[in-house]
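Per chain, numbering begins at 1; letters A, B, ... match sequence-line order. Quick caveat, the model's predicted, so the values are computed rather than measured.
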Amino acid sequence: MMAAEAGAPVRCRFAPAPSGSLHVGNVRSALFSWLWARRNGGAFVLRVEDTDASRVTQEAFQGVLADLRWLGLDWDEGPEAGGPHGPYRQSERLDIYAAKAAELIGSGQAYRCYCTAEELEERNSAQMARGEAPGYDGRCRTLTDAERSAFESADRTHVIRFHMPEHEWVLQDLVKGEVRWAPDQLKDFVLVRSDGSPVFLLAVAVDDMLMEITHVVRGDDLLTAAPRNIAVIEALGGTAPTYAHVPQVLGPDRKPLSKRHGSTSVEAFREQGYLPEALINYLALLGWSADGETTFFSRDELIEKFDLARVSSNPAAFDTDKLTFMNNHYIQQLDPDDLAARCVHFLTASGLSVDPTLLTRAMPMVRERMKTLTEAPELLRFLFTDDIAPNDKAAGLIAKAPEGYLRRVADALVPVEPWSAESIQGALDALAEEEGLNRTKAFQPVRAAVTGSNVSPPLPESLELLGKERTLVRLRAA
RNA sequence: GGUCCCAUCGUCUAGAGGCCUAGGACAUCACCCUCUCAAGGUGGAGGCACGGGUUCGAAUCCCGUUGGGACUACCA
């Protein structure tokens, strides 16, 4: 149960089940693992736990890879990257697990167990009744050859069960600290099912050992699996990695985050207009902090500052408001070309035909107004369609405007040259003064007539981008 | 039931015995700025779960209680 020898290159891994898009809780584990690898100049290994092949589709598998790529969590070894410890999909490693299971039987550290489900259940409840910790009692551990063949000829199926060494287990966890289990707490467990398929406990141990993983960063729901992982690795003559069990990510109700809480997948956040930069920064701060003061970290700063030893051991609730705040911050950081490129998808998805040049020019006036990219369409709609039927509030504003005001605005704008935000504002202000209107009263009807909404980006800038022709047409139509 | 993990503002956290009349951020409230909406600025309210110890001194150490969570599978 010793950590990998000091000085050895750090190798971290992320081992998701390919169940479609990644859950943000898993992403945080992946991020911490990735950061630790990068921080130490080590390798990040991606391994896919797809032994439950029946439910794994190629699409789900690709979804996981796509999520990691979108987030910028690149892997040095794994599917599509290759590496010296492949294959990296567990479904392609079945013969390896079988060989290791046979090896354990050969060395007497695992055995065939013929107990039926009914028998196990019966003995379990008896243990419970006696106030003992339930778990396998070791009955088949000492079967004689004769007893074994009797079971075989009676057509009994068997599993391969690991003989858990009966001593105290001490785990030095990077996040949880020292955790101990008494000798009678950890019972013999199944390595291979009766149909010959490996169980998670076998596959993980074998893979972590063979892939020479030095640090396992994963959710603390697996904390009690650690001594069993370690036991199997040691039984196979390997050196167990160091573990870091990070607490679960909770929902607003403080229950472990799940689909129940709405969209929690990377794909969902992407579709809701969140930036990978924001998601990464937010997730990094969920359970970790550099100093308690700093909020924004670039990727390089995270790599430089991240420390598993500073990861909090208490569970954290996911707060969409804070993520959204960070998203707005990162949107403001993007240059117009980049932001525009990221907005295109959302604009076209809502049926707008986008002029790329115009879109880029519009970015400076909307970027501090967008909390998510999904807000781009409503903010910029007026630029990319001429169907600008006023909403209720806009209609109200137009109705309340002084008689003929919009026509006079149009007339006042006709001579404006050059057609720039500055000169447009000058013309609008001059007219407002003549009419005895303050800016609110003067601008709102124009905004309503030109954009169809009571809310829009700054008016003079909007009119500049829209162009004189379209502006005048809309004013006269209203 | 048993074992293990966890417990600072609503939320994320700083805090590793005196620097804490507990700091920062999100959210919230007020004000400022202002052509709408944002963004930005200033300020306010808001917390050490409870009870015992240890100590000159505890958010920090120990024990207990309470409350969450995980595990206890031929799930992972």
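- Ring planes of A/H163 and A/Y111: perpendicular class, angle over 60° (limits at 30 and 60°).
- Between A/N314 and B/U8 there is a side-chain N or O to OP1 or OP2 distance below 4.0 Å.
- Note: CZ (A/R310) to C1' (B/U13) measures 10 Å, nearest angstrom.
- When heavy atoms are screened at a 4.0 angstrom cut-off, A/G287 is found touching the sugar-phosphate backbone but no base atom.
- Counting only heavy atoms from C-beta on, A/T51 has its side chain closest to B/A76 among B/G2, B/G15, B/A76.
- Cation-pi geometry between A/R228 and A/F162 is not satisfied (NZ or CZ under 6.0 Å from the ring centre, within 45° of the ring normal).
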**Item:** Test side chain to side chain donor-acceptor pair (under 3.5 Å) applied to A/S423 and A/S420, step by step
**Value:** CA-CA 5 Å; A/S423 47; A/S420 69; 2.9 Å; yes

Identify all pairs in which a protein N or O lies below 3.5 Å from an N or O of nucleotides 36-39 of chain B, and state each distance.
{"unit_1": "B/U36", "atom_1": "O4'", "unit_2": "A/Q444", "atom_2": "OE1", "d": "3.2"}
{"unit_1": "B/U36", "atom_1": "O4'", "unit_2": "A/Q444", "atom_2": "NE2", "d": "3.4"}
{"unit_1": "B/U36", "atom_1": "O2'", "unit_2": "A/N454", "atom_2": "O", "d": "3.1"}
{"unit_1": "B/U36", "atom_1": "N1", "unit_2": "A/R447", "atom_2": "NH1", "d": "3.3"}
{"unit_1": "B/U36", "atom_1": "O2", "unit_2": "A/S456", "atom_2": "N", "d": "2.8"}
{"unit_1": "B/U36", "atom_1": "O2", "unit_2": "A/S456", "atom_2": "O", "d": "2.9"}
{"unit_1": "B/U36", "atom_1": "N3", "unit_2": "A/R447", "atom_2": "NH2", "d": "3.2"}
{"unit_1": "B/U36", "atom_1": "N3", "unit_2": "A/S456", "atom_2": "O", "d": "2.5"}
{"unit_1": "B/U36", "atom_1": "O4", "unit_2": "A/P458", "atom_2": "N", "d": "3.3"}
{"unit_1": "B/C37", "atom_1": "O2", "unit_2": "A/R369", "atom_2": "NH1", "d": "3.1"}
{"unit_1": "B/C37", "atom_1": "N3", "unit_2": "A/R369", "atom_2": "NH1", "d": "2.2"}
{"unit_1": "B/C37", "atom_1": "N4", "unit_2": "A/R369", "atom_2": "NH1", "d": "3.3"}
{"unit_1": "B/A38", "atom_1": "O2'", "unit_2": "A/E368", "atom_2": "O", "d": "2.7"}
{"unit_1": "B/A39", "atom_1": "OP1", "unit_2": "A/K371", "atom_2": "NZ", "d": "3.0"}
{"unit_1": "B/A39", "atom_1": "O4'", "unit_2": "A/E368", "atom_2": "O", "d": "3.3"}
{"unit_1": "B/A39", "atom_1": "O2'", "unit_2": "A/Q332", "atom_2": "OE1", "d": "3.3"}

**Request:** List the protein contact pattern of nucleotides 66-72 of chain B with one symbol per nucleotide (5' to 3'): B for base contact, S for sugar-phosphate-only contact, - for none; contact means a heavy-atom distance under 4.0 Å.
**Result:** --SSSSS

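- At whole-Å resolution of the value, CG in A/L283 and C1' in B/U13 are 15 Å apart.
- Between A/Y274 and the choices A/N327, A/T372, A/T320, A/T324, the side chain to side chain donor-acceptor pair (under 3.5 Å) rule is met once, by A/T324.
- The side chain of A/S313 contributes no N or O atom lying less than 4.0 Å from OP1 or OP2 of B/C5.
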Mind listing the N/O atom pairs, protein and nucleotides 21-26 of chain B, below 3.5 Å?
{"unit_1": "B/G23", "atom_1": "N2", "unit_2": "A/G292", "atom_2": "O", "d": "3.0"}
{"unit_1": "B/G24", "atom_1": "O4'", "unit_2": "A/E293", "atom_2": "OE1", "d": "3.4"}
{"unit_1": "B/G24", "atom_1": "O2'", "unit_2": "A/E293", "atom_2": "O", "d": "3.4"}
{"unit_1": "B/A25", "atom_1": "N3", "unit_2": "A/K322", "atom_2": "NZ", "d": "3.1"}
{"unit_1": "B/C26", "atom_1": "O2'", "unit_2": "A/K322", "atom_2": "N", "d": "3.3"}

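- For the pair A/R89 and A/F61, the cation-pi test (distance below 6.0 Å, angle within 45°) is passed.
- In the region residues 390-398 of chain A, proximity to RNA chain B at under 4.0 angstrom, judged on heavy atoms, holds for none of the residues.
- A/N124 places its CG atom 15 Å from the C1' atom of B/U3, with the value rounded to the nearest Å.
- For A/Y114, the ring-ring contact (aromatic ring centres under 6.0 Å, His included) partners two or more places apart in sequence, or in a different chain, are A/F151, A/H158.
- Separating the CD atom of A/E178 from the C1' atom of B/C5 is a distance of 14 Å, rounded to the nearest angstrom.
- For the ring-ring contact (aromatic ring centres under 6.0 Å, His included) test, residues two or more places apart in sequence or in another chain that qualify with A/H329 are A/F296.
- The distance from atom OG of A/S197 to atom CG of A/L202, rounded to the nearest 0.5 Å, is 10.0 Å.
- Taking the six-membered ring where tryptophan is involved, the planes of A/W36 and A/F306 are perpendicular, since the angle between them exceeds 60° and thus also 30°.
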